[in-house]
Amino acid sequence: MTDPAPTPDPTPISARAQVTAGPPYLADLNPEQRRAVETVDGPVLVLAGAGTGKTRVLTTRIAHILATRRAFPGQILAVTFTNKAAREMKTRIGDLVGGVVEGMPWLGTFHSIGARILRRHAELVDLKSTFTVLDTDDQIRLLKQLIQADDIDEKRWPARQLAGFIDSWKNRGWTPDQVPKGEAFAFANGKGGELYDLYQQRLKTLNAVDFGDLLLEGLRLFRDNPDVLADYQKRFRYMLVDEYQDTNVAQYLWLRLLAQGNPNICCVGDDDQSIYGWRGAEVDNILRFEQDFPGAATIRLERNYRSTANILAAASHLISHNEGRLGKTLFTDVGDEGAPVTVQGVWDSQEEARVVGDDIESLQTKGHALNDMAILVRASFQMREFEDRFVTLGVNYRVIGGPRFYERAEIRDALAYFRVVAQPADDLAFERIVNTPRRGLGDATLGIVHAHARAERIPLTEAAAAIVQTEELKPKPRKTIADLLTMFDRWRGQLETLPHTELAETILEESGYTEMWQRDRSPDAPGRLENLKELIRSMEEFENLGGFLEHVSLVMDTDSDDASDRISIMTLHSAKGLEFDTVFLPGWEEGLFPHQRALDESGRAGLEEERRLAYVGLTRARKSAKITFASNRRIHGLWQSSIPSRFVDELPADHVDVIETSGYGGLGGYGASRFDRIERTFDSAYSTPGWQRAQRRGEPQATRRTAPMIDGELVASETDDSAGYSLGERVFHLKFGNGVVESVDGNKLTIQFDKAGRKKVLASFVERV
DNA sequence: CTCGGCAGAATTTTT
DNA sequence: TTCTGCCGAG
């Protein structure tokens, strides 16, 4: 970047020193961070490794733009992926600038900013500005209707799958007419494309959009209305994008259109932390940045402020097994290299939970807070075992992720009532509550209303209103519907007169919804009533019902401000962006992590994404990371034996400790007793394609592998593990019983068990009969 | 219209 | 194994 021609500086030397030192908010930045903040003009890509102060750079950069008066708050576009990230940025900018940032109206998630723009120009994309944002559930229900109407076998072609296709098309920026033939054919023998088109039409009549539309329709808006686009291009003098590696094609196109106005776009991301490929994220966006934005400056942030040297070394070495990276190497100056990453093999998932539980208790007695620890699992089914164990031990825990507040049935019902009041054309909401609580309005009655609505192309509420004027319905349902409509009319009339929280309460009371749960004798009914109260309480911070509904559809996260000391349990995906002193990483087994499905469906790309997930997991740890793997795990109710994850092999031996577990009765297992690392003699032979192929095929002549290896070195070696077993030999396994050895591959045996079928097990877990 | 039984699936998740 | 969603009977 070239500086403007220097002008003579009249400031006295003494003061100039301060000028070079810069404003106070720049003072604590390291040189790279500072460059990332100060390179404000032109495209900039900041490759920010885990724990290198990414958010800090982003927020300071905004503060810098404001402080140097390059732009007003309203001229900066700053997009994030999650509401949490947006919120954090807001508060941190506030801290930097001092006081509240009055209006950074364009700091938010892609979706909320997309919605904001769409509402302003709704009529240009055939919508009214009151449009509803449908969530996945509504989306699927709508698609189901379309599939049924088209006489397609729902069993073979589930709505859920179509929703997936449509989502991915939207992620790629395709409107119905842009979907390639081959793609459209993937669903229901070619019906996919039509259904997408039909779906979009239905959305328009419902005055609704789905999440994908918030961007795709925005894209269409910009393309079809150059004046509107030009307006925003002019408005946004500086653009900042967080987590750029997670952007999909639609988001990329959207950004690129806006950036055509001026090139002051700064994208921050880390290709090594791209873990959302399965939902449309394109790592390519970040890899291609320099081509996309000519003259881009690339700045690497590699100085890590979070983790110990051991943890960084383990993570870096692991991720170096990926190809096609932009390449970063994290380092730290902190002298103390900390404890090595530990790897421990256990018998089964229960023992895994036990071992982790014991660790936690001993850390606790040493004064560590539970809040500083987390368990990061690959799949949520793994959580249960830990929860069970913690309940028995009396360890407080919290599960992060999982079913969210706004996804609960009672909340969705209540919201559906509000939606019908605020937006009469919202058929999906109407259908949801028309017979909740039970009013005796079933398919028969609804069918008639539906038919009329379809024939006249009007919303259900309108159709219902017309029908009650006729003799078409039997007296009873006719009166019920009439009464319901009267109630809705009354509530709509109160929109202006009653405060929205009171109106909400009134609606739930008068509709009989609250009563329905009061009468319910099931154990969770009181909790549901409590949730409804909470819902009303949370409405208070909004100005009106519309504002609240927008919040609910776009800001589906509820931050529980729970201050108590608890260990967190969550998936690796939801751990991104967080950090803990101690991180437990259970379930590092082939098939689970890397997940078999990722390998089957996405091959090498899938494996690399899994590896990045492992990298994300490790880099969450500040002081200590503890990996475990189990030899047996129950999946879908069946016991499966498993072998350690290849990621264990990919850790650098020098920074890892293998922990021995005593006590599976003489069955030498992983980590049992043998700590000695055998001198590496085969060196990189284990990572060659040939070896890997051999491993896959189980070729017997492949280098015999007798114990888990870390980075090609044998650890915990039970050198004799497989030595004695030969084909056809009868063996006994604690969990699977008796069986016959079918093949031998290093320490892995394939055994045909008499009862349990064919399994791959470790030689150390079987005995000769 | 409602309830019970059975088949089939069961990563990752934000908005 | 456990949950969900669909279909048939009452």
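Sequence lines set the chain letters: A, B, ... in the order given, protein chains first and strands last, and positions in each chain run from 1.
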Testing A/Val133, A/Leu143, A/Asp426, A/Leu428 for side-chain contact (heavy atoms from CB on, under 4.5 Å) with A/Asp138, which one passes? A/Leu428

Whole-Å gap separating P (B/dT11) and CZ (A/Arg160): 12 Å

Determine if A/His595 stacks with B/dT11; use a centre-to-centre distance below 5.5 Å and an interplanar angle below 30° as the criteria. yes

Can you identify which nucleotide, out of B/dT13, B/dT12, B/dT15, has its nearest atom closest to the A/Phe211 side chain? B/dT15

Base, sugar-phosphate or nothing for A/Leu441? Non-hydrogen atoms, less than 4.0 Å. sugar-phosphate

Taking only N and O in the side chain of A/Asn83, is any of them less than 4.0 Å away from OP1 or OP2 of B/dT15? yes

Less than 3.5 Å apart, any donor N or O on the side chain of A/Ser631 or A/Asp348 sitting next to an acceptor on the other? no

Going through the checks in order, is the side-chain contact (heavy atoms from CB on, under 4.5 Å) test met by A/Glu431 and A/His450? CA-CA 10 Å; A/Glu431 278 174 63; A/His450 254 130; 3.6 Å; yes

Options B/dT14, B/dT12, C/dT1, nucleotide nearest the side-chain atoms of A/Arg279: B/dT14

Of A/Asn435 and A/Ser380, whose nearest nucleotide on DNA chain B comes first from the 5' end? A/Asn435

How is A/Glu610 classified with respect to the nucleic acid when contacts are heavy atoms under 4.0 Å: base, sugar-phosphate, or nothing? base

What is the distance, rounded to the nearest whole Å, between atom CZ of A/Arg156 and atom P of B/dA7? 21 Å

Which word best sums up how the rings of A/Tyr276 and A/His573 line up, parallel for under 30°, tilted for 30 to 60°, or perpendicular for over 60°? tilted

In whole angstrom, give the distance that lies between atom CG of A/Leu376 and atom P of B/dT12. 15 Å

Tell me if the CG atom of A/Asp443 is crowded by more than 12 foreign heavy atoms within 6.0 Å. no

Is_stacked (A/His636, B/dA9) at 5.5 Å, 30 deg: no

Can A/Trp278 be said to stack with the base of B/dT11, given centres closer than 5.5 angstrom and planes under 30 degrees apart? no

May I ask you to evaluate whether A/Lys144 reaches the phosphate of C/dC6, defined as a side-chain N or O under 4.0 Å from OP1 or OP2? yes

Select one nucleotide: of B/dT11, C/dC6, B/dT13, the one nearest the side-chain heavy atoms of A/Lys155. C/dC6

Heavy atoms, side chains only, cut-off 4.5 Å: are A/Gln245 and A/Glu282 in contact? no

Looking at B/dT14, I'd like to know if its phosphate oxygens (OP1 or OP2) sit under 4.0 Å from a side-chain N or O belonging to A/Thr109. no

Assign A/Ala598 to base, sugar-phosphate, or nothing according to its heavy-atom contacts below 4.0 angstrom with the strands shown. base

Indicate, with a heavy-atom threshold strictly under 4.0 Å, whether A/Lys576 touches base, sugar-phosphate, or nothing. nothing

Please work out whether B/dT11 sits syn or anti, treating a glycosidic angle within 90° of 0 as syn. syn

Sugar-phosphate only, base, or nothing, as touched by A/Asp443 at under 4.0 Å among non-hydrogen atoms: sugar-phosphate

Mind calculating the distance between CG (A/Leu638) and P (C/dT2) to the nearest angstrom? 12 Å

Can you identify which nucleotide, out of C/dT2, B/dC3, C/dT1, has its nearest atom closest to the A/Arg634 side chain? C/dT1

Regarding A/Gly114, tell me which of base, sugar-phosphate or nothing describes its non-hydrogen contacts under 4.0 Å with the strands shown. nothing

Using a 4.0 Å heavy-atom cut-off across all strands, classify A/Thr136 as base, sugar-phosphate, or nothing. base

What's the closest nucleotide to the side chain of A/Leu554 if the choices are B/dT11, B/dT15, B/dT13? B/dT15

Please tell me if A/Arg597 has a side-chain N or O lying less than 4.0 Å from either OP1 or OP2 of B/dT12. no

